[in-house]
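Right, one structure below, let's go through it.
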Amino acid sequence: QVQLAESGGGLVQSGGSLRLSCAASEVGFTINVMAWYREAPGKQPDLVAGISTGGVTKYADSVKGRFTISRDNARDTAYLQMNRLQPEDTGIYYCTISRYSDYTMPRDHWGQGTQVTVSS
């Protein structure tokens with residue numbers, strides 16, 4: 001069974017930092033994109049950051065310059081370094097994987113989510 005092991009969420013004050021990790025295993029296909037989505041209360045999950053096997057990144061406008069996504073292809077692991085966090089960054093962060101490069105396609109698998117809460 002596919003497993004996306006997420007870690008690194010927590011409670012942090014505005015201006016602080018967190019680093020999320022996601023390790024994929026038993027995937028059964030070649031991962032193209034690993035991406036982090038955020039589910040804010042009452043909303044559908046939105047893309048925060050994604051990275052392809054070739055290192056091409058995509059960021060939501062709201063996190064550009066503050067968040068950095070990286071990836072270790074050999075270990076099927078993605079990271080999201082989140083700096084200068086703000087309350088609007090609060091939400092459940094889900095690690096996702098996709099066999100396609102198109103972010104409009106449904107994600108093949110979703111992690112269980114890790115809570116990030118930023119207090120003001």
Side-chain angles (χ1 to χ4, degrees):
Q1 294 86 344
V2 174
Q3 182 171 255
L4 299 177
E6 301 156 311
S7 62
L11 174 65
V12 65
Q13 291 206 103
S14 294
S17 297
L18 288 172
R19 183 175 175 86
L20 307 183
S21 298
C22 172
S25 61
E26 302 293 329
V27 173
F29 60 86
T30 299
I31 301 171
N32 192 320
V33 167
M34 300 188 75
W36 293 92
Y37 284 73
R38 180 178 67 226
E39 183 180 44
K43 301 188 68 176
Q44 294 296 116
D46 292 325
L47 177 70
V48 175
I51 185 168
S52 73
T53 54
V56 178
T57 58
K58 182 180 179 69
Y59 295 96
D61 288 342
S62 61
V63 307
K64 287 180 179 177
R66 299 188 297 119
F67 291 9
T68 302
I69 189 169
S70 59
R71 178 171 174 173
D72 183 343
N73 289 332
R75 303 182 68 180
D76 279 341
T77 302
Y79 307 92
L80 185 66
Q81 179 66 45
M82 304 185 292
N83 297 326
R84 291 179 282 133
L85 283 160
Q86 300 296 316
E88 51 264 41
D89 298 318
T90 293
I92 304 172
Y93 284 69
Y94 294 93
C95 177
T96 70
I97 59 173
S98 175
R99 69 191 74 193
Y100 301 111
S101 62
D102 186 352
Y103 287 88
T104 68
M105 297 290 289
R107 305 296 90 188
D108 287 296
H109 296 282
W110 291 68
Q112 80 283 358
T114 183
Q115 178 70 43
V116 171
T117 303
V118 184
S119 62
S120 59

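Worth knowing before you read on, the calculation uses all heavy atoms, side chains too, and leaves out hydrogens, waters and symmetry mates.
In terms of modelled atom types and a separation under 3.5 Å, the side chain of Arg84 and the main chain of Gly65 share a donor-acceptor contact. Asp108 places a side-chain N or O within 3.5 Å of a backbone atom of Arg99 that can act as its donor or acceptor partner. Distance alone, capped at 3.5 Å, is enough to place a donor-acceptor pair between the Ser14 side chain and the Ser119 backbone.
The CD atom of Gln13 lies 9.0 Å from the OG atom of Ser120; values are rounded to the nearest 0.5 Å.
Inspection of the Ser17 and Asn83 side chains reveals an N or O donor paired with an N or O acceptor under 3.5 Å.
Residue Asp89 comes nearest to Arg66 through the heavy atom pair OD2-NH1, 2.8 Å, listed as atom of the first residue, atom of the second, then distance. Residues Leu18 and Val12 approach most closely at CD1-CG1, 4.0 Å, considering heavy atoms. Here the closest non-hydrogen pair linking Arg107 and Asp102 is NH2-O, 2.9 Å. Closest heavy-atom contact between Thr114 and Glu6: N-OE1, 4.3 Å. The shortest non-hydrogen separation linking Ser101 to Asn32 is N-ND2, 3.5 Å.
Aromatic ring pairs are classed by plane angle as parallel below 30°, tilted from 30° to 60° and perpendicular above 60°; the pair Phe67 and Tyr93 is tilted.
One hydrophobic cluster holds both Tyr59 and Val116 under the rule that ILVMFWY side chains link at heavy-atom gaps under 4.5 Å.
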